[in-house]
Amino acid sequence: MKLKRRQCFSNIAKCAFLLALLAVLVLLVARMWHPSLTAPFGLRGSPGTCRDEGDHANQSSVEEVEEATNSHGKKNDTITGVTGLQEPGPVKTTQMKGRDFNATLVHGLFPYIINEPAKCQGGRATPFLVFIITTVASEVEARSAIRQTWANQTLVPGVAVLRLFLLGKLGGELGGSQQRMLQEESAEHHDIIQQDFVESYNNMTLKTLMGLHWVARYCPHAGYVMKTDSDMFINTEYLIHKLLRPELKPKTNYYTGRIIEHELAHRDKKNRWYMSEEEYGKAEYPAFCSGTGYVLSADLADKILRVSLATHIVHLEDVHVGLCLSQLGVKPTKTSIWLFNHYHVPFTRCMYSNLITSHQITPKELLQYWTRQQKNKNICQRMGLGNL
Ligand SMILES: *[C@@H]1O[C@H](CO)[C@@H](O)[C@H](O)[C@H]1NC(C)=O
Ligand SMILES: *[C@@H]1O[C@H](CO)[C@@H](O)[C@H](O)[C@H]1NC(C)=O
Ligand SMILES: *[C@@H]1O[C@H](CO)[C@@H](O)[C@H](O)[C@H]1NC(C)=O
Ligand SMILES: *[C@@H]1O[C@H](CO)[C@@H](O)[C@H](O)[C@H]1NC(C)=O
Ligand SMILES: CC(=O)N[C@H]1CO[C@H](CO)[C@@H](O)[C@@H]1O
């Protein structure tokens with residue numbers, strides 16, 4: 001009797017598990033064919049989003065918002081929620097012509113306020129992978145969670161990983177006190193770099209270029225660079241062992257991530273991704289990888305910087321990097337559609353063992369997901385879900 005009941009329960013459990021798996025599969029497949037079907041994945045959480053969904057009859061449709069969310073992986077309300085960040089205003093095109101080219105290559109576009117010039121020569125092996133992570137001073141909790149999880153520099157045995165958080169500078173009184181805290185955090189962790197430009201959404205490209213300058217100048221022999229944000233889950237082991245593979249000769253001119261193709265420049269001033277014709281004249285962007293997480297072979301850091309200096313800087317950082325690379329003739333490399341996700345993938349330990357990025361992750365979620373995924377990663381690999 002006892003045995004029977006247990007059997008019965010275990011059958012129910014099996015059934016439920018299979019059904020759940022099936023449901024997830026169906027959703028994923030549906031998403032692939034018709035992204036808007038599963039909009040809630042991309043549009044979870046924040047109050048701003050609910051409002052969008054509530055009266056979207058007269059606003060941008062959920063599909064439009066989702067599409068916008070997907071194209072760059074950021075909702076238009078995320079940035080205004082961040083304390084101290086200036087809201088997007090009119091963008092002044094940052095002209096690079098007329099700058100001292102050589103001096104800029106050496107010193108960076110702006111003076112460093114916090115730098116870690118010797119971090120790459122720390123005595124350990126040449127870094128295989130450098131994470132450059134955009135963040136703002138107030139995101140203390142996110143940086144702490146990231147240090148303990150995917151950007152742990154000693155996570156992968158035998159593979160040297162470096163982590164750098166990228167920051168601009170906040171003005172005002174709040175900026176002053178945050179700056180002091182940031183200096184302390186930097187003294188403790190040695191993983192922060194900051195340049196003297198205004199911390200704002202419009203200056204996101206300057207942040208990425210700071211990270212690329214750091215790699216080109218202080219760590220030119222690194223293998224790869226991954227640019228990502230502070231609200232991401234990254235499966236570092238998958239990225240290193242299954243995609244980049246340290247046992248192979250490092251690639252050059254390599255660029256990959258969530259590829260966005262045939263994206264039109266938004267000409268509506270109210271759009272979060274508004275792009276004036278002065279800033280970018282053509283209708284369509286060349287293929288680029290979503291700024292939520294893209295990987296470059298480290299040789300591209302210097303090349304992108306040089307192209308940026310020779311032309312001008314477009315304020316959408318992922319578009320800018322894509323533009324520079326298209327000028328260099330470097331096309332994004334296609335990978336499995338499941339690896340780089342610019343939306344929040346619903347958590348299952350096996351799903352997260354077989355992806356590289358998932359977006360809109362709170363620090364609390366990151367710690368939870370990480371612990372659960374790490375405990376189960378070997379089981380999930382054996383289940384052979386790697387090709388999903
Ligand atoms: C910049 O450096 C290159 C090579 O090092 C040199 O040929 C060139 O004259 C320099 N340009 C200026 C403006 O200093
Ligand atoms: C980083 O990972 C190593 C190996 O798993 C672990 O021993 C260490 O505690 C981790 N560091 C942090 C800051 O969590
Ligand atoms: C950065 O952004 C602010 C606000 O959007 C702008 O005023 C400033 O000119 C930008 N550039 C620099 C170098 O700070
Ligand atoms: C976000 O979108 C809403 C409506 O879709 C708009 O009113 C608001 O100005 C936008 N905010 C930003 C920062 O672009
Ligand atoms: C309140 C609001 O946003 N109203 C707008 C609804 O849409 C029409 C047509 O696009 C606009 O003219 C209204 O201003």
Side-chain angles (χ1 to χ4, degrees), residues 39-50 52 65-66 68-88 131-152 163-168 170 178 182 185 189 191-192 199-205 207-208 211 226-236 238-239 257-258 260 272-273 289-295 316-318 321 339-347 351-352 355-373:
F41 291 176
L43 290 173
R44 55 192 276 287
S46 64
T49 311
C50 293
D52 279 348
V65 174
E66 214 250 347
T69 304
N70 281 348
S71 52
H72 302 268
K74 280 218 157 88
K75 293 194 306 282
N76 100 332
D77 56 340
T78 49
I79 215 82
T80 45
V82 176
T83 47
L85 254 186
Q86 296 198 8
E87 286 192 32
F131 282 117
I132 53 174
I133 309 153
T134 60
T135 171
V136 296
S138 58
E139 293 172 339
V140 180
E141 211 190 330
R143 286 193 294 278
S144 165
I146 289 169
R147 287 186 187 107
Q148 295 169 57
T149 57
W150 53 266
N152 175 344
R163 154 192 89 223
L164 283 174
F165 293 106
L166 314 175
L167 291 100
L170 277 178
Q178 284 193 345
L182 197 66
E185 194 182 323
H189 296 285
D191 58 3
I192 287 170
E199 184 73 87
S200 87
Y201 178 66
N202 289 340
N203 294 342
M204 210 57 100
T205 307
K207 227 177 225 192
T208 296
M226 180 170 191
K227 185 268 153 185
T228 185
D229 299 332
S230 56
D231 58 350
M232 298 294 294
F233 178 101
I234 312 280
N235 186 335
T236 307
Y238 195 109
L239 169 66
R258 166 60 59 125
I260 294 157
R272 184 160 181 350
W273 294 288
C289 295
S290 160
T292 53
Y294 57 85
V295 179
L316 300 174
E317 72 89 18
D318 46 11
V321 167
L339 292 183
F340 291 92
N341 304 288
H342 48 10
Y343 56 94
H344 185 106
V345 178
F347 181 83
M351 201 89 84
Y352 274 58
L355 53 67
I356 293 175
T357 70
S358 180
H359 185 211
Q360 293 176 325
I361 310 288
T362 66
K364 222 175 252 159
E365 283 170 334
L366 176 55
L367 292 170
Q368 282 169 4
Y369 292 1
W370 185 261
T371 311
R372 292 181 59 197
Q373 185 267 329

Within this structure, what is the [atom1]-[atom2] distance for the pair [X] and [Y], rounded to the nearest 0.5 Å?
{"X": "Arg163", "Y": "Thr236", "atom1": "CZ", "atom2": "OG1", "value": "11.0 Å"}
{"X": "Glu141", "Y": "Leu367", "atom1": "CD", "atom2": "CG", "value": "8.0 Å"}
{"X": "Lys207", "Y": "Thr135", "atom1": "NZ", "atom2": "OG1", "value": "6.5 Å"}
{"X": "Leu355", "Y": "Phe233", "atom1": "CG", "atom2": "CZ", "value": "6.5 Å"}
{"X": "Leu366", "Y": "Gln148", "atom1": "CG", "atom2": "CD", "value": "9.0 Å"}
{"X": "Lys227", "Y": "Thr208", "atom1": "NZ", "atom2": "OG1", "value": "5.0 Å"}

Testing the basics here: between [X] and [Y], what is the closest heavy-atom pair and its distance to 0.1 Å?
{"X": "Gly291", "Y": "Glu317", "result": "CA-OE2, 3.3 Å"}
{"X": "Gly257", "Y": "Cys289", "result": "N-SG, 3.6 Å"}
{"X": "Ser358", "Y": "Tyr352", "result": "OG-OH, 2.8 Å"}
{"X": "Ala137", "Y": "Leu167", "result": "N-CD2, 3.3 Å"}
{"X": "Leu316", "Y": "Thr205", "result": "C-OG1, 3.5 Å"}

A side-chain contact here means heavy atoms from C-beta on lying under 4.5 Å apart; do [X] and [Y] qualify?
{"X": "Met226", "Y": "Thr357", "result": "yes"}
{"X": "Val345", "Y": "Tyr343", "result": "yes"}
{"X": "Glu365", "Y": "Phe347", "result": "no"}
{"X": "Trp370", "Y": "Ile234", "result": "no"}

Has the side chain of [X] got a donor or acceptor atom that lies under 3.5 Å from a matching backbone atom of [Y]?
{"X": "His344", "Y": "Gln360", "result": "yes"}
{"X": "Arg143", "Y": "Ser138", "result": "no"}
{"X": "Trp150", "Y": "Met232", "result": "yes"}
{"X": "Thr149", "Y": "Ala145", "result": "yes"}

- Message: Which residues pass the salt bridge (charged side-chain N to carboxylate O under 4.0 Å, His left out) test with Arg147, not counting sequence neighbours?
- Response: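 Only Glu185, Asp191 meet the salt bridge (charged side-chain N to carboxylate O under 4.0 Å, His left out) criterion with Arg147.
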- Thr134 and Asp229 side chains, donor-acceptor separation under 3.5 Å: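 Asp229 vs Thr134: donor-acceptor pair found between side chains.
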